[in-house]
> 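Just passing along the structure, written as structure tokens.
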Amino acid sequence: MQFDMSSDQEFFRETTARFLSDRVPVAELRRLSEGGAGYDDDYWRQGAELGWTSLLVDEAHGGGSISGDGLADLALVAFEVGRHAAPGPLVSANVVASALGSAGGDAHAEVLAGLLDGSALATWASTERRPHDRLGDVALTVRADGDELVLDGVKRPVESADRAGHLLVTGRTGDGLTQVLVPTDAPGVSVRPLRGVDLTRRFAEVRFDAVRVPASAAVGEVGGAAEQVERQLQLALVLACCESVGALQSGFDMTVEYASDRYSFGRPLSSYQALKHRFADMKTWLEASHAITDAAVAAVSARSPQAAELASVAKAYVGDRGDELLHECVQLHGGIGVTFEHDIHLFLRRQTLNRTLHGTPAEHRQRVATFVERGATHEEDAA
Amino acid sequence: MQFDMSSDQEFFRETTARFLSDRVPVAELRRLSEGGAGYDDDYWRQGAELGWTSLLVDEAHGGGSISGDGLADLALVAFEVGRHAAPGPLVSANVVASALGSAGGDAHAEVLAGLLDGSALATWASTERRPHDRLGDVALTVRADGDELVLDGVKRPVESADRAGHLLVTGRTGDGLTQVLVPTDAPGVSVRPLRGVDLTRRFAEVRFDAVRVPASAAVGEVGGAAEQVERQLQLALVLACCESVGALQSGFDMTVEYASDRYSFGRPLSSYQALKHRFADMKTWLEASHAITDAAVAAVSARSPQAAELASVAKAYVGDRGDELLHECVQLHGGIGVTFEHDIHLFLRRQTLNRTLHGTPAEHRQRVATFVERGATHEEDAA
Amino acid sequence: MSAAQIDEADEVEGVDAFRQRARAFVRDNLRRIEPGEVVGILRNDMTDEEELAEVEHDRKLQRMFFDAGLAGICVPREYGGQGLTPAHQRALNEELLGYEFAARMQSPTMSPCLAVLLDFGTEEQKRTHIPRILTGEEIWMQFLSEPSGGSDVAAALTTAVRDGDEWVLNGSKVWTTGAWWSDWALCLARTNWDVPKHRGLTVFILPLRREGVEVQRIALLNGFRDFCQEFLTDVRVPDTDRIGEVDDGWTVGTRWMFHERMLYNSPYVTAPPGQGHAGVGTRTILLAAREAGHLDDPQVRDLVGEARVLQLVGDALQERIKDGMTSGALSDQAAAIGRLYTGLAQARTTAIAYEVSGADGVVWGDDDGPLVDVGTDYLMRQISCIGGGTTEMARNVVSERVLGMPRERTLDRDVPFRDVPRSAS
Amino acid sequence: MSAAQIDEADEVEGVDAFRQRARAFVRDNLRRIEPGEVVGILRNDMTDEEELAEVEHDRKLQRMFFDAGLAGICVPREYGGQGLTPAHQRALNEELLGYEFAARMQSPTMSPCLAVLLDFGTEEQKRTHIPRILTGEEIWMQFLSEPSGGSDVAAALTTAVRDGDEWVLNGSKVWTTGAWWSDWALCLARTNWDVPKHRGLTVFILPLRREGVEVQRIALLNGFRDFCQEFLTDVRVPDTDRIGEVDDGWTVGTRWMFHERMLYNSPYVTAPPGQGHAGVGTRTILLAAREAGHLDDPQVRDLVGEARVLQLVGDALQERIKDGMTSGALSDQAAAIGRLYTGLAQARTTAIAYEVSGADGVVWGDDDGPLVDVGTDYLMRQISCIGGGTTEMARNVVSERVLGMPRERTLDRDVPFRDVPRSAS
């Protein structure tokens with residue numbers, strides 16, 4: 001999280017933090033994990049009232065930011081959500097809000113309005129079922145048939161598909177990409193719940209069997225949505241990283257405290273140099289995770305030419321080091337660290353999930369290598 | 001190195017160790033590195049007299065072992081050579097001796113005799129120049145033309161090619177492999193010296209431009225040498241691991257001693273828990289390297305069905321952990337560890353070289369994955 | 001084994017003859033089990049009823065071994081054992097490969113508990129309990145770790161106070177596997193707070209179903225509930241159930257922990273070789289990678305190869321350590337090298353399974369076969385570096401006891417235990 | 001920078017106006033250099049003659065900066081500097097991007113040496129040396145590390161004994177870069193052996209070409225010979241060349257090491273941004289992978305991606321640390337976080353270059369372009385974790401000073417230094 005927040009931002013962050021502490025303390029998370037729903041509608045609506053889904057949408061379309069930089073503001077929410085391991089499809093709802101706000105036009109104003117006030121949910125159906133689960137692989141087809149669009153394919157995992165009224169589906173039309181806003185209850189859409197590592201975040205596999213929607217369901221151009229999809233990916237990546245960094249911060253703080261309270265052989269654990277050195281490494285990973293995430297948020301917000309690369313770099317780094325950091329936290333807790341009763345796994349779960357959604361670190365390193373190669377080619381062309 | 005040596009083996013190992021300490025102490029290694037030759041002919045001949053090149057050859061062909069298990073005996077020599085970072089093309093000479101002893105027949109008896117008494121050298125030309133440098137890639141062609149064989153291609157790196165009278169060349173004939181013993185002075189053979197990380201071991205790139213040799217130069221069957229080549233690879237792998245384990249042992253011992261002699265803030269380095277824990281990891285890597293190398297030597301010696309897999313496993317593990325171990329040794333020495341004057345780099349150099357020759361750890365992990373897949377398929381077939 | 005031992009064994013029953021007898025018993029009486037490894041990490045795949053049935057089945061199996069003269073191979077005959085040698089035990093274990101065995105009777109019942117009884121028990125204690133253990137009537141637990149203590153087991157806070165011919169125990173023990181279906185426990189307790197920590201401990205034995213013993217099951221993050229915590233409230237133990245001298249419990253404890261570290265290498269344990277390989281293995285990884293559809297990906301293959309490397313190196317290392325300790329080339333403390341390797345290798349192998357599973361490593365359906373619960377295993381990854389003594393403790397042992405480096409400074413050596421600084425919680 | 005500082009700067013010369021002036025100077029006077037990074041690790045790619053010529057060129061450049069009013073930006077005017085602010089220095093540095101600069105004049109001459117002179121020098125010392133430094137006449141070394149000392153620089157054995165108005169120095173210093181072509185040194189010496197180590201030190205300055213100073217070049221394993229060791233034998237230093245109080249050298253030393261850690265962030269250093277990136281970088285790796293012919297291999301691409309990740313994360317981290325230290329959100333000690341990251345990241349990056357080079361990473365020909373000497377760089381890998389304070393020391397600082405964990409026990413705190421246990425050698 002950045003050091004240079006405005007006082008408005010700081011107030012906004014604190015409001016969100018207080019709300020989360022009140023509404024979803026750890027005991028509540030355990031309760032929500034058992035019921036299956038993951039969160040209460042009421043909770044989400046109140047979050048939306050705090051602005052959680054409005055920040056990436058222009059005022060003209062009913063949104064608005066705190067600081068003028070909506071993504072920077074939203075980053076603070078995501079960080080706090082991660083720090084509390086809080087429920088809610090924050091990332092996917094905002095991706096859809098951003099897409100509808102910028103390319104949705106009037107056709108989707110109602111869905112957007114529902115998203116903004118938290119009365120309805122729309123989520124992003126982006127990644128696909130194996131073997132098409134690799135980053136950027138889109139096999140679902142969107143075919144124009146007269147005045148209609150026909151969708152065929154399988155999306156997975158789709159967050160909160162069971163409670164979303166609409167799905168923003170990314171599909172392929174010939175060589176191009178197309179995005180369509182599909183009602184979850186459209187004929188041919190089937191939602192199958194999945195299980196996962198996070199206690200409160202829910203996912204499903206969604207099948208589209210010859211699903212027909214009117215051409216007006218398209219968000220942006222049919223066959224011309226690649227740039228928009230890339231933008232959505234970048235948003236999803238940096239927001240997931242913000243959440244993860246929040247989770248890492250909680251896990252780390254908790255473990256530093258434990259190490260100073262816990263005595264072994266008459267000395268606090270934090271006096272053992274072998275552990276101190278590991279804490280130093282963890283602190284470095286944590287600060288580096290903050291740093292690269294902030295840099296990626298700023299680049300994506302500014303639509304800088306380096307945005308795509310920095311977003312993938314952040315995802316690769318936070319995904320990789322974040323996992324190691326939290327497993328170190330578990331290790332330093334010893335046996336209690338793997339019990340359900342202890343809180344550390346709440347943060348480990350959130351990090352583990354975010355590491356993998358929208359591309360593993362390995363997949364993002366492949367993407368980064370492509371940027372490196374392209375950069376070198378540009379240099380050589382220029383020379 | 002195994003714990004259960006016979007007294008004959010122990011005597012043999014000690015003789016070799018004493019010889020190496022006398023003939024190639026570290027100061028001598030530094031001298032040999034500058035001249036360019038890497039070792040004196042006399043040194044190699046005396047090594048051969050000690051049995052260094054005879055152990056993989058039957059008595060009927062002029063060889064003989066100490067214990068009845070020639071590879072186990074040779075493993076002791078290789079370990080000591082590594083422990084002293086000693087010069088000499090031990091691995092490649094023995095690979096050729098083994099090949100000639102088992103498949104060479106009378107045609108190559110003279111070359112074998114020279115190898116055995118150390119009066120002449122023959123070396124293995126196996127791996128190739130990029131982009132054919134990956135494990136198992138053989139692009140050099142051996143074509144039958146009447147009574148002759150014609151070789152075309154590039155081998156690299158070839159150890160001691162500049163002082164070898166003959167090269168055992170592995171080539172391709174159609175879909176099969178062929179091995180040919182080629183005099184280094186045959187027309188069309190050109191040897192270009194290379195530089196490398198080891199102080200005393202020398203390598204070259206050898207080109208074969210329409211090199212013609214009589215059909216009798218073949219070692220084994222034309223187009224039918226795949227099994228023999230695999231055997232040679234296994235020998236090269238396990239012997240390289242033995243050398244490396246010797247180098248690791250020296251580097252580790254030297255660093256343990258340093259850590260107890262060296263004081264910082266009034267305490268020996270070895271009293272700092274952060275360093276102690278790293279020594280514990282290093283000790284584990286070292287013992288594991290000994291263990292897997294011994295297991296691979298035994299399997300290759302017994303021609304067990306697991307020999308190929310264990311040889312690759314040893315190469316992958318020792319290559320990977322060995323590098324880390326010796327870099328840790330450098331680190332724990334601080335600045336002095338990167339000076340030419342200090343001995344630690346002699347062992348790091350040897351390990352670094354052996355890690356990469358005949359396949360990097362990554363290449364061997366690919367090979368191991370293939371064995372895993374095959375094993376699972378067998379199981380399923382059997383079920 | 002020395003030549004002398006072999007001779008002695010030959011006088012009793014030759015290892016070869018014994019092996020034949022064992023083989024016949026195994027083939028005639030035991031169920032063959034599927035090849036392959038245990039899947040996943042401590043998965044919660046049985047109901048309590050199923051688990052209790054398994055416990056009863058294990059007791060029955062143990063009884064069958066006993067009746068066949070195959071229980072307590074290295075236990076003296078006077079306590080119901082066979083009075084044979086570790087070589088016999090090894091032969092039996094080898095014959096068990098691929099067959100069911102009395103898994104829940106082995107650790108900690110046979111080792112360390114039975115082993116400690118043999119080393120330090122009174123004649124009466126041994127004659128009472130060892131036969132019952134060998135016939136499957138008593139399953140034992142070790143009451144060693146405490147919630148407050150972590151790796152520092154000698155810092156026990158569980159207190160035993162003398163009251164006539166009895167002792168009154170109060171405190172809490174933790175990390176007992178299956179205490180909820182077990183019978184007896186070996187318990188380390190503090191009997192003197194006014195001396196340094198190692199000098200105020202005493203060992204007792206007690207039945208788990210005695211008044212004042214409350215066994216509570218602990219839920220792990222993956223739902224596994226076989227580990228327990230015990231709360232001892234005014235539990236009365238007769239002095240005849242004391243093991244070793246009063247305040248000399250650390251002498252017992254040291255040996256106790258030696259037996260614990262032996263694990264499946266203990267001469268008292270009857271289990272097929274390779275029981276150390278719990279958790280995720282190469283086969284799981286291969287199946288997951290194949291199911292995920294990425295087995296052709298060179299990066300996935302690299303991970304499969306790495307897992308196999310870790311496995312085969314681990315096997316070779318354990319063999320080397322066993323050989324080295326047997327021949328004396330390595331000290332007994334070298335077992336910590338194997339423990340360190342295994343902990344790290346298993347954690348890494350679990351991570352590899354998660355990595356090759358791609359997106360299905362974090363979100364999966366019930367019909368995803370080998371991909372199911374790989375993500376949950378991953379959350380449990382560190383357990384291999386925690387359970388049975390942390391890898392940090394192993395690193396201490398390797399550096400201090402194997403390499404002889406200076407010991408860590410402890411602030412509790414020459415201080416009365418009551419004055420030692422303790423955890424805040 | 002605070003608003004107050006900006007106002008003050010505006011009174012003198014506005015940063016924008018300064019930047020214009022700097023830009024004009026740079027464009028008119030300095031040679032453009034090729035883009036791309038320094039190749040390899042401390043490669044020995046110059047003859048001694050060539051290097052001496054480079055030193056002379058750097059002195060000339062420094063003089064040009066001085067004559068243009070661009071030397072000593074943050075140094076007070078009375079000592080020949082410009083009396084401007086760090087913001088001016090930053091502007092100059094930014095304008096230098098892509099141009100040659102007086103590289104050998106910066107570290108350690110400007111920081112820590114000039115910085116320490118400014119902090120603790122007498123008026124006369126400052127008036128004598130600082131102008132000479134700013135005009136390129138004096139290149140300075142820091143005589144800090146000793147062969148016996150490693151990370152423990154306060155354990156200096158080099159001794160200064162008072163003799164009337166002079167001090168007589170004996171001992172040895174090491175790891176001075178380029179002492180063989182340098183002029184003056186800042187030297188930490190022991191003046192009292194009967195007090196604990198930090199309380200018996202004093203700092204002196206001395207010319208390198210004084211009688212009794214022998215400079216010996218050290219060969220690194222790759223043949224690089226720019227580091228030196230100095231042997232001081234009865235070197236006489238007037239008391240007027242003492243810096244700070246007698247026996248109070250650690251006050252100077254603490255500040256000295258602060259300036260040293262600032263490296264290219266020091267306000268006294270004139271160098272284009274990104275000078276921290278010595279060594280192997282992403283571009284080297286890409287070129288090596290392409291030359292090796294395996295750039296299409298997903299495993300190689302993974303490594304290329306990893307190197308780039310390390311680089312961009314490192315850039316972001318350094319920026320965060322600088323911002324955090326400036327705003328006070330992070331303590332000054334947080335610089336150790338950056339040092340730790342960079343050391344490890346560079347070592348890993350060097351390893352990646354070697355890995356993508358395949359077989360050519362260990363054996364290569366002179367015509368192998370980007371693959372030449374990658375293997376030698378790899379042998380030197382750890383230097384990024386050793387030079388300028390080891391990563392171990394950085395971990396101590398992060399855990400103890402940043403996280404506030406208990407300090408390591410030292411056995412040399414309250415003991416006269418002569419009684420402190422020392423290395424055997």
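The sequence lines fix the lettering, A, B, ..., with proteins before strands; numbering per chain opens at 1. Quick caveat: nothing in here was measured; it's all calculated off a predicted structure.
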> I'd like to know which of D/G375, D/A154, D/A219 tops the heavy-atom pair count under 4.5 Å against chain B.
D/A219
> Check whether more than 12 heavy atoms from other residues, nucleotides or ligands sit under 6.0 Å from atom CG of D/D296, and answer yes or no.
no
> Looking only at heavy atoms, what is the nearest atom pair of D/P421 and B/Y263, with distance?
CB-CE2, 3.3 Å
> Does the side chain of B/R349 reach to within under 4.5 Å of the side chain of D/L221, using non-hydrogen atoms?
yes
> OH/D/Y378 to OG1/B/T356 distance, rounded to the nearest 0.5 angstrom?
8.0 Å
> Ion pair present between B/R192 and D/D367, side-chain N to carboxylate O less than 4.0 angstrom?
yes
> Is the CD1 atom of B/I336 crowded by more than 12 outside heavy atoms at less than 6.0 Å?
no
> For D/Y354, which of B/T352, B/D323, B/T360 qualifies under side-chain hydrogen bond (donor to acceptor under 3.5 Å, both in side chains)?
B/D323
> Non-hydrogen atoms of chain B under 4.5 Å away: do they reach the side chain of D/D368, the backbone, both or neither?
both
> When you look at D/R422 and B/D261, which way does the salt bridge (charged side-chain N to carboxylate O under 4.0 Å, His left out) test go after all the steps?
CA-CA 9 Å; D/R422 271 192 289 282; B/D261 290 348; over 6 Å; no
> Out of D/A359, D/G293, D/G365, D/C385, return the one with the most heavy atom pairs under 4.5 angstrom to chain B.
D/C385
> Determine the minimum heavy-atom distance between D/D152 and B/S264, stating which atoms define it.
CB-OG, 3.6 Å
> What's the separation between atom CZ in B/F265 and atom CG in D/D412, rounded to the nearest 0.5 Å?
7.0 Å
> Side chain from CB out, backbone as N, CA, C, O: work out which of these in B/R129 comes under 4.5 Å of a heavy atom of chain D, or both, or neither.
side chain
> Taking side chain as everything from C-beta outward and backbone as N, CA, C, O, which of these in D/S145 sits under 4.5 Å from a heavy atom of chain B? Side chain, backbone, both or neither.
neither
> Does any backbone or side-chain atom of D/R413 lie under 4.5 Å from a heavy atom of chain B? Answer side chain, backbone, both or neither.
neither
> Could you give the distance from SG (B/C329) to CD (D/Q382), rounded to the nearest 0.5 Å?
10.0 Å
> Can you tell me how far the NE2 atom of B/H333 sits from the CD1 atom of D/I386, to the nearest 0.5 Å?
10.0 Å
> With a 4.5 Å cut-off on heavy-atom pairs, point out which of D/E392, D/R395, D/E408, D/Q299 contacts chain B the most.
D/E392
> At a 4.5 Å cut-off on heavy atoms, which part of D/W364 comes close to chain B: side chain, backbone, both, or neither?
both
> For B/Y272, which atoms come within 4.5 Å of any heavy atom of chain D: side chain, backbone, both, or neither?
side chain
> Report which part of D/A155 has an atom under 4.5 Å of a heavy atom belonging to chain B: side chain, backbone, both, or neither.
neither
> With heavy-atom distances below 4.5 Å as the criterion, would you say the side chains of D/L371 and B/R130 are in contact?
yes
> Where on D/V174 is there a heavy atom nearer than 4.5 Å to chain B: the side chain, the backbone, both, or neither?
neither
> Can you tell which of B/P361, B/A204, B/P131, B/G334 has the highest number of heavy-atom pairs within less than 4.5 Å of chain D?
B/G334
> Heavy atoms only: give me the nearest D/V363-B/R156 pair and the separation to one decimal.
O-NH2, 3.8 Å
> Please look at B/R278 and chain D and tell me whether the side chain, the backbone, both or neither of the residue comes under 4.5 angstrom of a heavy atom of that chain.
side chain
> To the nearest 0.5 Å, tell me how far B/D133 CG sits from D/H294 NE2.
3.5 Å
> Are D/T376 and B/R195 close enough, and set up right, to give a side chain to side chain contact (heavy atoms under 4.5 Å, CB included), and what steps lead you there?
CA-CA 10 Å; D/T376 310; B/R195 293 192 286 136; 6.0 Å; no
> Can you find a heavy atom in the side chain of D/D297 that is under 4.5 Å from one in the side chain of B/R134?
yes
> Does any backbone or side-chain atom of B/L275 lie under 4.5 Å from a heavy atom of chain D? Answer side chain, backbone, both or neither.
side chain
> If you count heavy-atom pairs under 4.5 Å with chain B, which of D/I218, D/N222, D/D373 comes out on top?
D/D373
> Quick check on D/L379 against chain B: is it the side chain, the backbone, both or neither that has a heavy atom closer than 4.5 Å?
both
> CZ/B/R267 to CZ/D/R409 distance, rounded to the nearest 0.5 angstrom?
5.0 Å
> Check whether D/V153 gets within reach of chain B through its side chain, its backbone, both or neither, counting any heavy atom under 4.5 Å.
neither
> Measure B/Q351 against the heavy atoms of chain D and call it side chain, backbone, both or neither at under 4.5 Å.
neither
> Does any part of the side chain of D/T390, heavy atoms only, come nearer than 4.5 Å to the side chain of B/Q331, both counted from C-beta?
yes
> Quick check on D/E214: does its CD atom have over 12 non-hydrogen neighbours (other residues, nucleotides or ligands) under 6.0 Å away?
yes
> Under 6.0 Å from the CD atom of B/E341, do we count more than 12 heavy atoms belonging to anything else shown?
no
